[in-house]
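The structure appears below as structure tokens.
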Amino acid sequence: MTKEQCAELLVLIKSCHPKFELQIYTKDGKYTEACKYWMAFLNELDYNMALIAVRKLINTSKWAPTIADIKEAYAELLLPEIVDPEQAWGMVHQAINKHGGIYSQEAVMNELPRQVQEAVKWVGGVRAISICPEEEEGVLRGQFTKAMNAVNKRFTKEVSLGPKLSSQIDNIRLATKEKEEMLKLENKESVPKITYGPVIEDSQIEFNIRQCGMLREVYTKAQEGR
């Protein structure tokens, strides 16, 4: 939405909630710094959808909505219908019975909503559900329920954050993970182990001597500190 459209939403909120303290305009008619922050957080939202979300909040809440409230209400409008875990489990078995389970795994997945597909993958896929022994089905069903709840929560959060912020967070997580992996690799390669038993390489002999010298120095200092 544009800055002007965001300002209209804030005027609407302020009109319905007189105690809403945000100042939208300065004395010379420009946007206040606080207002600009709201605009920066809401600019990714579609105006018409955001207007519906704000109207909903005004009608259902006694308090003026925050940015988080607006984004959460907005996300509820965009999300596919949240599928209850019990309902999702029934949908999976219905699709398996219809298409033959392990013999038509792709057809089974294509018939399921996207969030249910994610939960199925988490528990091992269509095959794992199809061949699960009856006495173990309760355990698998419990795992599926947890996966379904996690997927629903993640989908809601992704829509609330918006594509730009979600992408930035994913990039940060990926970069952090890559750094951790590189650090593990560097530590693994840069810390040779003391070799016990016969040693014939000169470099390894020198390394072992230095390590023993360091150990003696540490031991001596520890004794002196007593």
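Excluded from the calculations below are hydrogen atoms, water molecules and symmetry mates; all remaining heavy atoms, backbone and side chain alike, are included.
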What about V139 and M148, same hydrophobic cluster or not, with Ile/Leu/Val/Met/Phe/Trp/Tyr joined at side-chain heavy-atom distances under 4.5 Å?
no

Is there a donor-acceptor pair under 3.5 Å between the side chain of S130 and the backbone N or O of V126?
yes

d(F144 CZ, E86 CD) to nearest 0.5 Å is 9.5 Å

For the residue pair R114 and V151, establish whether any side-chain heavy-atom pair is separated by less than 4.5 Å.
no

Check for me, please, whether I67 and L22 land in the same ILVMFWY cluster - side-chain distances under 4.5 Å, paths through other members count.
yes

For a quick test of reading the model, state the closest non-hydrogen atom pair linking H17 to K62 and the distance between them.
CE1-O, 3.6 Å

Linking I/L/V/M/F/W/Y whenever any side-chain heavy atoms sit under 4.5 Å apart, do I58 and W63 land together?
no

Reported CE-to-CE distance for the pair M49 and M1, which is rounded to 0.5 angstrom:
11.0 Å

Verify the neighbour count for atom CD of E21: are there more than 12 heavy atoms of other residues, nucleotides or ligands below 6.0 Å?
no

Quick check: are there more than 12 heavy atoms from other residues, nucleotides or ligands sitting under 6.0 Å from NZ of K14?
yes

Determine whether a donor-acceptor pair (N or O, by modelled atom type, separation under 3.5 Å) exists between the side chain of K71 and the backbone of F41.
yes

If you compare all heavy atoms of P65 against all heavy atoms of L57, which two are closest, and at what distance to 0.1 Å?
CB-CD1, 3.7 Å

With the 4.5 Å side-chain cut-off for hydrophobic clustering, are I52 and Y47 part of the same group?
yes

Grab the two heavy atoms, one from A40 and one from N43, that are nearest each other, plus how far apart they are.
O-OD1, 3.2 Å

Do Q5 side-chain atoms and T2 backbone N/O form a donor-acceptor pair below 3.5 Å?
yes

Determine whether L140 and Q143 make a side-chain contact, defined as any pair of heavy atoms from C-beta on separated by less than 4.5 Å.
yes

Can you tell me how far apart NZ (K56) and CG (D69) are? Round to the nearest 0.5 Å.
11.5 Å

Out of curiosity, Y74 OH to D46 CG, how far, rounded to the nearest 0.5 Å?
5.0 Å

Applying side-chain contact (heavy atoms from CB on, under 4.5 Å) to I13 and I70, what does each step give before you reach the verdict?
CA-CA 11 Å; I13 295 172; I70 294 172; 4.1 Å; yes

Can you tell me if E106 has over 12 outside heavy atoms packed within less than 6.0 Å of its CD?
no

Atom pair NZ/SG of K36 and C6 - distance to nearest 0.5 Å:
13.0 Å

Donor-acceptor contact present, side-chain N152 to main-chain Q115, <3.5 Å:
no

Is any side-chain heavy atom of K3 closer than 4.5 Å to one of W38?
no

Heavy-atom count check: over 12 atoms from other residues, nucleotides or ligands less than 6.0 Å from Q94 CD?
no

Pairwise distance CG(L12) to CZ(F20) - rounded to 0.5 angstrom:
10.5 Å

